[in-house]
Amino acid sequence: MTDQQRVLVLGGTVYLSKEIAAQAVARGHDVTVAARGESGEPPEGVEFVRIDRGDDEGVEPLRGRSFDAVVDVARIPAQVRRVLDVLGDSAGHWTFVSSISVYADHSRTDSEVLEPTDADNEDPDIELYGRNKVACEDLVRERLGGKAFIPRPGLIVGAGDNVDRLGYWPLRIAEGGEVLAPGRPERLVQWIDVEDLASWILDAAERGTSGTYNAIGEPIGMGSFLDGIADALIGIGAAERPDFTWVPQEFLLEHGVMPWAGPESLGFWLPEPDYDGMIAHDPGPAVGAGLAPSPLGTTVERWWRANAAAPRLQAGLSREKEGAVLGAWHDRERGFDVPDELPEA
Ligand SMILES: NC(=O)c1ccc[n+]([C@@H]2O[C@H](COP(=O)([O-])OP(=O)(O)OC[C@H]3O[C@@H](n4cnc5c(N)ncnc54)[C@H](OP(=O)(O)O)[C@@H]3O)[C@@H](O)[C@H]2O)c1
């Protein structure tokens, strides 16, 4: 085991940051979690410090503390600046979890980042998410220099996901029958398992890794992805071989199937060509710096065991919508005229 560190997780009450705190406890570190306590409970075995980063006063409970490693998942520059003012000079290592949403052009893999928002910006508007993350990254790099580690995750999947985009697929495949598959089997998809990302972040803190990396696994085709989910479920006796019907993206978009996330969406699917870059980032530099993405089957099994009994799906087609779109697609294949507006099922 590595030496015990004093680790501060800013967040730690939900999903990724909670997983980081839980793994840090399991590694034997002395773990403090600082948040409002509104999103959920911190994991067992941590010290909880109640803070509210909404104003300068709210982070005072952290003043005078010092940590070997700090991990922050914030999205608002002013909130990042406040904790840097209180802790930045004493921290040994600082991870800021950013996002691949920092890139200006998602159709390419070599895009510049977006123009940052103002370093004092407090506006959480989702339209500013990428620009806010750029401003947060800049603040952390300026303050921590060679102690700053900045992973930019793509789609994070796993147990505890509060915007679950994976879950629809294992559940739908387990249900069986004709399964609507989006676009082309060769269209790439890309993700990172929350457990792998948390583990890498702790490895980086322990080893003093610095730099900025796209934190993502190897891209694979949507066909291999869906087959891989089926293989994993068949392997644990949760599914039989499904029957996929591939429907072109234009037909799906014309008939109200949403890509990526949200109601009546198909998770992981991003239309071509606008998102050609977002699903094709090179994991090489991150893997070279220690990221070890699990095989798809492992991620699916983890999700299944943690969520299948009581899923909280945030993405996916209703069975009615899927049936209506498949019916319309088969009519189109038979040469019938199909209206864009499908009748209510
Ligand atoms: N999900 C994805 O696919 C994806 C993809 C790319 C990047 N990311 C990034 O990955 C990270 C995910 O982080 P996460 O899973 O831990 O979820 P999160 O929802 O970003 O968690 C935010 C944490 O900050 C705390 N917090 C929020 N407002 C606060 C305030 N005013 N004062 C103090 N604490 C506050 C929350 O706890 P309380 O509410 O209890 O205070 C919570 O623990 C984020 O940085 C996200 O931008 C996610």
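Counting starts at 1 for both ligands and their atoms, in listed order. We number each residue from 1, following the sequence as shown. The structure displayed is predicted, hence computed values, not measured ones.
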Heavy-atom pair with the smallest gap, counting every atom of Leu296 and Ser224:
CD2-O, 4.3 Å

For the pair Tyr213 and Phe149, name the ring-plane relationship: parallel under 30°, tilted 30 to 60°, perpendicular over 60°.
tilted

Taking ring pair (Phe, Tyr, Trp, His ring centres under 6.0 Å) as the cut-off, I'd like each qualifying pair that reaches into residues 274-331, sequence neighbours left out, listed once.
Tyr103-His281, Phe251-Trp329

Indicate yes or no for a side-chain donor-acceptor contact from Lys18 to the backbone of Gly160 under 3.5 Å, with no hydrogens or angles considered.
no

Per-pair distances, ligand 1 N/O vs protein N/O, less than 3.5 Å:
unit_1, atom_1, unit_2, atom_2, d
ligand 1, 3 (O), Ile156, N, 3.0
ligand 1, 3 (O), Arg165, NH2, 2.8
ligand 1, 15 (O), Leu16, N, 2.8
ligand 1, 16 (O), Val14, O, 3.2
ligand 1, 16 (O), Ser17, N, 3.0
ligand 1, 16 (O), Ser17, OG, 2.5
ligand 1, 20 (O), Arg75, NE, 3.3
ligand 1, 20 (O), Arg75, NH2, 2.9
ligand 1, 28 (N), Arg36, NH2, 3.3
ligand 1, 31 (N), Asp52, OD1, 3.1
ligand 1, 32 (N), Arg53, N, 2.9
ligand 1, 37 (O), Thr13, OG1, 2.8
ligand 1, 39 (O), Arg36, NH2, 2.8
ligand 1, 39 (O), Ser39, N, 3.2
ligand 1, 39 (O), Ser39, OG, 2.4
ligand 1, 40 (O), Thr13, OG1, 3.0
ligand 1, 40 (O), Gly37, N, 2.9
ligand 1, 40 (O), Glu38, N, 2.7
ligand 1, 40 (O), Ser39, N, 3.0
ligand 1, 41 (O), Arg36, N, 2.7
ligand 1, 41 (O), Arg36, NE, 2.9
ligand 1, 43 (O), Gly12, N, 3.4
ligand 1, 43 (O), Thr13, N, 3.3
ligand 1, 43 (O), Thr13, OG1, 2.7
ligand 1, 45 (O), Val73, O, 2.7
ligand 1, 45 (O), Val97, O, 3.4
ligand 1, 45 (O), Lys133, NZ, 2.8
ligand 1, 47 (O), Tyr129, OH, 2.6
ligand 1, 47 (O), Lys133, NZ, 3.0

Residues in side chain to side chain contact (heavy atoms under 4.5 Å, CB included) with Arg143, at least two apart?
Leu84, Asp85, Asp89

Quiz: residues 232-248 side-chain donor-acceptor pairs under 3.5 angstrom, not counting sequence neighbours:
unit_1, atom_1, unit_2, atom_2, d
Arg241, NH1, Asp231, OD1, 3.0
Arg241, NH2, Asp231, OD1, 2.8
Thr245, OG1, Glu178, OE2, 2.6

